[in-house]
Amino acid sequence: MVRVRFAPSPTGYLHIGGLRTALYNELFAQRHGGVFVLRIEDTDRTRYVEGAVENLLRTLAWAGVTPAEGPYLADDGSIKERGDHGPYVQSARLDKYQAAAADLLAKGAAYRCFCSPERLEEVKKAQAAAKQPMIYDKLCRALPPADAAARAEKGEPHVLRMRMPDSGATMFTDAIRGDVSFENVLVDDQVLMKTDGYPTYHLANVVDDHDMQITHVIRGEEWLPSTPKHIVLYLALGWTPPTFAHLPLLLNADRSKLSKRQGDVAVEDYKNKGYLPEAMVNFVALLGWNPTADREVYEKRELAEAFDLGKINKAGAVVSMDKLNWLNREYLKAMPMEEIGRRAEPFFVESGILKREGDKVVSAATGAAVGDMIARAAELEKRRVDTLAQLPEATAFLFSGPLTYEQDALVGKKSDAQVAKARLEGLLTFLADLAPEAWATAKTLEEPVIAHIAAQGWTNGESLWPFRVALTARAQSPSPFEVAWALGKDKTLSRIQDALRTLA
Ligand code: GLU
């Protein structure tokens, strides 16, 4: 049975690369009817960030990436765990690492190292000066184990290091990169247990992947150089290593390594900017893989059906904001208006254009309940924005109180005030009497209004220009039919009346 895991360290936020790793693990599990596990790797106490786990769980839930085992946020906001291989947080598993460390020590696969941080620093400096690889010089390997044990017994601070073989190479077949080989002498005698009694990532990761019966380790390329250490540890502990798959690096548009400086790297930032989780998932899925050659919009189900580690690129994947914006627009366009309205509401409240009053949402300007006008506003502008967060500003004029008009703007270049006034009066009467069904869509409004204009012998220009400006007070906007539909009958009529007062 396939078992995979996402094993983030809770450093404060979920990186876009982390979301891709989590997603690929989930897709792989779905593809093979396996289990996707979440494990929190919090053994580095110096990097501990308060609230980071909650934040991570919330962001994964927002993206719809759902581990079957591991910590999750319960409805009451507390962190709970599910699954039979727990605990899933490394700080609650210290006894397991200590047992593995004792085993490695007894087998001679690990040794105690008493070198001070100052000595290690000097060794590094000398190696840097001599342009040698900066790895531990193995001084404490030579200590007779009994002497080392006696020093440790007396309380002398020390770490536990792994003993890398002195010759040969560690080889493995990466599911993405193919055969990979590392010369053992160039691999560091990695610290496994720190002076604080906590394991390092390397030991804890191997122990947990074994204990949680992980079959495939799918993770970022930055962990590739650690893999020979892990394989040596598996073998020393008498365990079978899992299959490894290292995902390509994420790059900025200029092909440098993705950095905060060139844009957002935290998934939360994209969420706050109004990207849809569906678009985000689609976007990160395509960072290094495309299931087909002919399209880019995929439902998650399709991604899971097509997922194949062997088809993932080895080369770095460029994170393109243009592509993300394009995908987000595709999802916005296809989304039913009630759904966008529901998702856009927090952005309207955040912008200050709307506010919550009890269980109602009201216009901050007028205090009037907006009801389903948010959905119509979203529908009105959804083809013209990249993100949900751009909707409030684009549609603010719908929610405002009475508009102020410039007479010239209302009349338009090709007409005069008298004609504009007459047309607005005519439209006001016509719209007031129009059957309620006509307000169902912009189209059902447009047809009778255009027919009426023609029947009256008016021109479209002299009628529709003042109509549109009466509803928007803007030089540019969607058509008057779209805006009238979004405003609804009452607000449409009252804006025409306000505009007529300007022309009086
Ligand atoms: N804790 C590591 C990280 O933060 C996990 C690496 C791995 O998947 O082995 O990325």
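Just follow the structure's listing: the first ligand is 1, and inside any ligand the first atom is 1. Atoms considered below: every heavy atom in the structure, side chains included; atoms not considered: hydrogens, waters and symmetry mates. For clarity, every value in this text was computed on a predicted model and none was experimentally measured.
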Engineer: Among all protein heavy atoms in this structure, tell me which lies nearest to atom 8 (O) of ligand 1, with the distance rounded to 0.1 Å.
Structural biologist: R5 NH1, 2.7 Å
Engineer: Measure the acute angle between the ring planes of F244 and H246, then classify it against the limits of 30° and 60° as parallel, tilted or perpendicular.
Structural biologist: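 It falls in the parallel class, under 30°.
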Engineer: So which atom in A204 and which in Q90 form the shortest heavy-atom distance, rounded to 0.1 Å?
Structural biologist: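 Smallest interatomic distance, heavy atoms only, reads CB-NE2, 3.4 Å.
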Engineer: Is the closest N or O pair between V217 and ligand 1 shorter than 3.5 Å?
Structural biologist: no
Engineer: Which residue holds the protein heavy atom closest to atom 5 (C) of ligand 1, what is that atom called, and what is the gap in Å?
Structural biologist: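 Here the closest protein heavy atom is A7 O, 3.1 Å.
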Engineer: More than 12 foreign heavy atoms under 6.0 Å from CD of Q132: is that the case here?
Structural biologist: yes
Engineer: W223 heavy atoms, cut-off 4.0 Å: which ligand 1 atoms fall inside?
Structural biologist: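 Near W223, meaning under 4.0 Å from one of its heavy atoms, ligand 1 has 2 (C), 3 (C), 6 (C), 10 (O).
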Engineer: For E41, counting its heavy atoms only, list the atoms of ligand 1 lying under 4.0 Å from any of them.
Structural biologist: 1 (N), 2 (C), 5 (C)
Engineer: Could you label the plane-to-plane angle of the Y234 and W239 rings as parallel, tilted or perpendicular, counting under 30° as parallel and over 60° as perpendicular?
Structural biologist: perpendicular
Engineer: Could you tell me whether the side chain of D264 and the main chain of A266 form a donor-acceptor pair under 3.5 Å?
Structural biologist: no
Engineer: Suppose I only count heavy atoms of N205 and a 4.0 Å limit; which atoms of ligand 1 are within that range?
Structural biologist: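 Checking each atom against N205, I get 7 (C), 9 (O).
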Engineer: Suppose I only count heavy atoms of S9 and a 4.0 Å limit; which atoms of ligand 1 are within that range?
Structural biologist: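 By the 4.0 Å cutoff, the relevant atoms are 1 (N), 4 (O).
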Engineer: What are the atoms of ligand 1, with element, lying closer than 4.0 Å to any heavy atom of Y201?
Structural biologist: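 Listed by number with element: 2 (C), 5 (C), 6 (C), 7 (C), 9 (O).
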Engineer: For the residue pair F182 and F172, does the interplanar ring angle fall in the parallel (under 30°), tilted (30 to 60°) or perpendicular (over 60°) class?
Structural biologist: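 Parallel.
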